[in-house]
Amino acid sequence: MRRPVQAVIVQGVTGGVLAGLVVAFWFLVVDALAGHPFRTPALLAGVLLNREFPQATFRLVSAYTVLHFGVFALLGVVMARVSAAFAAPPRLLLGAVFGLVLQEIVFYSGLSLSGVPRLDVVPWPHVIGANIASGLVLMAYLHRAERDPPRVLLGVVVALREAHRQRAHV
């Protein structure tokens, strides 16, 4: 069954944001365990701005986070469009390939285009692990969204509303 373009875009953006959350959480944990919370987004923001920052600031991390989620939303739409073209529902193996290939290409191309003299700014095992995990989450979401679109989108809205309520009570 062919999905409407709007549904593909909404599912792609939602899946992309979920994948972006996986990567952000991955590096938050890695950085916190190393004793330097938010080091990775501050480091990557510095690479993109061609400056070195002595510490992670709220403004710097926020600016990089907006870019991060924007890129993942676009990647999610691309993957939703690709999966919509297939007759079969999205598979997790495609998610692993997506994480290993497309996300790696986007990440390292971005570093290369920014003129970074070396590409080991972030340890490659962490990049690969985060990208595979996010690819699997994206494809799992797209698979579920394709099978039951209204319930999946409603679940995301309910979860966001509940998170907002909990934050308001703290």
Side-chain angles (χ1 to χ4, degrees), residues 9-80 92 95-142 145 152-153 155-170:
I9 292 171
V10 168
Q11 290 170 358
V13 168
T14 304
V17 167
L18 290 173
L21 278 170
V22 168
V23 172
F25 184 70
W26 180 289
F27 283 105
L28 177 63
V29 169
V30 166
D31 291 347
L33 289 175
H36 304 288
F38 303 108
R39 177 188 170 275
T40 300
L43 182 65
L44 292 173
V47 165
L48 291 174
L49 297 172
N50 204 19
R51 290 184 53 197
E52 192 169 321
F53 295 96
Q55 66 180 14
T57 64
F58 177 76
R59 185 175 176 188
L60 185 64
V61 172
S62 297
Y64 181 77
T65 301
V66 169
L67 175 68
H68 170 84
F69 282 111
V71 168
F72 270 94
L74 288 173
L75 289 173
V77 171
V78 167
M79 222 37 228
L92 290 181
V97 171
F98 170 74
L100 275 174
V101 178
L102 184 59
Q103 288 180 235
E104 295 291 319
I105 289 170
V106 169
F107 177 75
Y108 286 112
S109 295
L111 286 180
S112 180
L113 290 174
S114 67
V116 175
R118 48 175 236 230
L119 297 180
D120 61 344
V121 174
V122 178
W124 67 267
H126 293 301
V127 175
I128 288 176
N131 284 343
I132 290 173
S134 70
L136 292 173
V137 166
L138 172 61
M139 294 314 290
Y141 171 80
L142 291 177
V152 169
L153 292 176
V156 170
V157 170
V158 169
L160 289 173
R161 188 179 319 150
E162 184 62 29
H164 184 273
R165 282 186 193 154
Q166 288 177 352
R167 215 177 297 131
H169 285 67
V170 173

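Position 1 is the first residue of the sequence; numbering continues from there.
Minimum heavy-atom separation, A130 to F27: CB-CE1, 3.8 Å. Of all non-hydrogen atoms in Q11 and Y141, the two that sit nearest each other are O-CE2, 3.3 Å. Across every non-hydrogen atom of A80 and G12, the tightest pair is CB-CA, 3.6 Å. Counting all heavy atoms, side chain and backbone alike, L138 lies closest to A19 at CB-CB, 4.1 Å.
Taking CH2 from W26 and CG from N131, the interatomic distance works out to 9.5 Å, rounded to the nearest 0.5 Å. To the nearest 0.5 angstrom, L60 atom CG is 7.0 Å from L49 atom CG.
At a threshold of 4.5 Å between non-hydrogen side-chain atoms, the residues L18 and V22 do not count as touching. Annotation: side chain of P41 is in contact with side chain of D31 (closest heavy-atom distance under 4.5 Å). Here the side chains of V13 and V77 are in contact, with some heavy-atom distance below 4.5 Å. The shortest distance between side-chain heavy atoms of S134 and F72 falls below 4.5 Å. In this structure the side chain of L67 never reaches within 4.5 angstrom of the side chain of L44, judged on heavy atoms. At a threshold of 4.5 Å between non-hydrogen side-chain atoms, the residues V10 and T14 count as touching.
At least one donor-acceptor pair under 3.5 Å links the side chain of H68 to the backbone N or O of G20.
At most 12 non-hydrogen atoms from other residues, nucleotides or ligands lie less than 6.0 angstrom from CZ of F38. Counting heavy-atom neighbours within 6.0 Å of F25 CZ, excluding the residue itself, gives a total of 12 or less.
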field: Test side chain to side chain contact (heavy atoms under 4.5 Å, CB included) applied to F69 and L21, step by step
entry: CA-CA 8 Å; F69 282 111; L21 278 170; 3.8 Å; yes
